[in-house]
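Note sheet for the following structure.
Because the structure is predicted, anything quoted here is derived from the model rather than measured.
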Amino acid sequence: MKIHLTSVFVDDQAKALRFYTDVLGFVKKHDVPVGETDRWLTVTSPEEPDGTELLLEPSHHPAVKPYRDALVADGIPLAAFAVDDVRAEYERLRERGVRFTQEPLEMGPVTTAVFDDTCGNLIQIASQA
């Protein structure tokens, strides 16, 4: 068994697609209309185009807002992405205007940082020494 798909709830799919591709560097995998306004919209790592997909899922369900608001209020990331070097990625993303809520922090063999994805979520990046 392996993880094939996971999702993040987003307020605006077009805005999320721009952020996750143009800023973070993911590539669009699927973009299929669902209903009148929504899309089955996934991105994946350019390094693993057939790997795990991230669904940029519309946040219409009434449980989403209180759930995400509570996570953000407590500083808890909704998802974590692996990077080779957190400090280098932190600098690259800051140069692109990304707002971090946690600067790079070493915790034993792991370094993490947390940013706001502009779509209602906190996302953690992590690397191991």
Side-chain angles (χ1 to χ4, degrees):
M1 188 178 304
K2 62 182 180 178
I3 297 171
H4 171 71
L5 177 82
T6 190
S7 63
V8 293
F9 290 106
V10 298
D11 299 330
D12 179 321
Q13 286 185 298
K15 177 181 173 185
L17 180 62
R18 284 189 303 275
F19 181 82
Y20 278 81
T21 57
D22 296 346
V23 177
L24 297 185
F26 289 102
V27 293
K28 181 170 61 173
K29 177 89 178 205
H30 297 286
D31 189 350
V32 179
V34 177
E36 293 184 25
T37 59
D38 296 333
R39 299 145 66 181
W40 179 263
L41 183 58
T42 67
V43 296
T44 189
S45 168
E47 298 165 10
E48 294 182 11
D50 294 321
T52 305
E53 294 176 48
L54 180 66
L55 174 63
L56 304 177
E57 189 164 355
S59 61
H60 306 310
H61 191 281
V64 172
K65 183 170 176 25
Y67 171 69
R68 285 193 316 170
D69 289 351
L71 289 178
V72 170
D74 289 343
I76 299 172
L78 180 70
F81 302 148
V83 297
D84 291 332
D85 181 336
V86 166
R87 291 187 188 288
E89 193 67 11
Y90 169 82
E91 292 301 330
R92 181 185 81 82
L93 293 176
R94 276 184 32 135
E95 288 174 8
R96 292 175 168 240
V98 174
R99 185 180 72 80
F100 279 81
T101 61
Q102 177 203 303
E103 295 183 3
L105 177 65
E106 291 182 24
M107 297 178 285
V110 177
T111 302
T112 65
V114 178
F115 64 85
D116 178 341
D117 77 349
T118 73
C119 304
N121 307 293
L122 297 180
I123 304 293
Q124 181 180 70
I125 54 174
S127 63
Q128 292 189 357

Has [X] got a side-chain atom pairing as donor or acceptor with [Y]'s backbone, closer than 3.5 angstrom?
X   : Y   : result
S45 : P49 : no
E53 : T6  : no
T42 : H30 : yes
R96 : D22 : yes

>> Rounded to the nearest 0.5 Å, what separates atom CD in Q128 from atom CE in M107?
In response: 11.0 Å
>> Let me confirm one number: the CD-SG distance from E57 to C119, rounded to the nearest 0.5 Å.
In response: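 It comes to 13.5 Å.
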Within a strict 4.5 Å, meaning less than it, do heavy atoms of the [X] and [Y] side chains meet?
X    : Y    : answer
Q102 : T112 : yes
L56  : K15  : no
V27  : T21  : no

>> Test of understanding: with ring pair (Phe, Tyr, Trp, His ring centres under 6.0 Å), list the residues that count as partners of F9, not counting sequence neighbours.
In response: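 Ring pair (Phe, Tyr, Trp, His ring centres under 6.0 Å) check on F9 returns nothing, list empty.
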> Who passes ring pair (Phe, Tyr, Trp, His ring centres under 6.0 Å) against F100, sequence neighbours left out?
Replying inline: Y90, F115
>> Could you walk me through whether Q13 and L41 satisfy the side chain to side chain contact (heavy atoms under 4.5 Å, CB included) test, starting with their C-alpha distance in whole Å, then the side-chain angles of each, then the deciding distance to 0.1 Å, before giving a yes or no?
In response: CA-CA 8 Å; Q13 286 185 298; L41 183 58; 3.9 Å; yes
If you measure from the Lys or Arg side-chain nitrogens to the Asp or Glu carboxylate oxygens, is any gap between [X] and [Y] under 4.0 Å?
X    : Y   : value
E89  : R92 : yes
E106 : R87 : yes
D50  : K29 : yes
D69  : K65 : yes

>> For the residue pair S127 / D85, report whether a side-chain donor-acceptor contact shorter than 3.5 Å exists.
In response: no
> Under 30°, 30 to 60°, or over 60°: which ring-plane class applies to F81 and F26, parallel, tilted or perpendicular?
Replying inline: perpendicular
> Of L54, L55, T52, T44, which is the lone residue that meets side-chain contact (heavy atoms from CB on, under 4.5 Å) with L5?
Replying inline: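 That would be L55; it is the only one of L54, L55, T52, T44 passing the side-chain contact (heavy atoms from CB on, under 4.5 Å) with L5.
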Same cluster or not: [X] versus [Y], using hydrophobic residues (I, L, V, M, F, W, Y) connected whenever any side-chain heavy atoms lie under 4.5 Å apart?
X    : Y    : value
V83  : V114 : no
I125 : V8   : yes
V10  : L24  : yes
L17  : I123 : yes
Y20  : L93  : yes

> For S59, which of D11, D12, N121 qualifies under side-chain hydrogen bond (donor to acceptor under 3.5 Å, both in side chains)?
Replying inline: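 With S59 as partner, D11, D12, N121 yield a single side-chain hydrogen bond (donor to acceptor under 3.5 Å, both in side chains), made by D11.
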Atom pairs and distances, donor-acceptor, side-chain atoms in residues 71-79, under 3.5 Å, two or more places apart:
none

>> Ignoring hydrogens, what is the shortest heavy-atom contact between V110 and A126? Give both atom names and the distance.
In response: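 Minimum heavy-atom separation between V110 and A126: CG1-CB, 4.4 Å.
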>> Heavy-atom count check: over 12 atoms from other residues, nucleotides or ligands less than 6.0 Å from E91 CD?
In response: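 Yes - once you tally the heavy atoms of other residues, nucleotides and ligands closer than 6.0 Å, there are more than 12.
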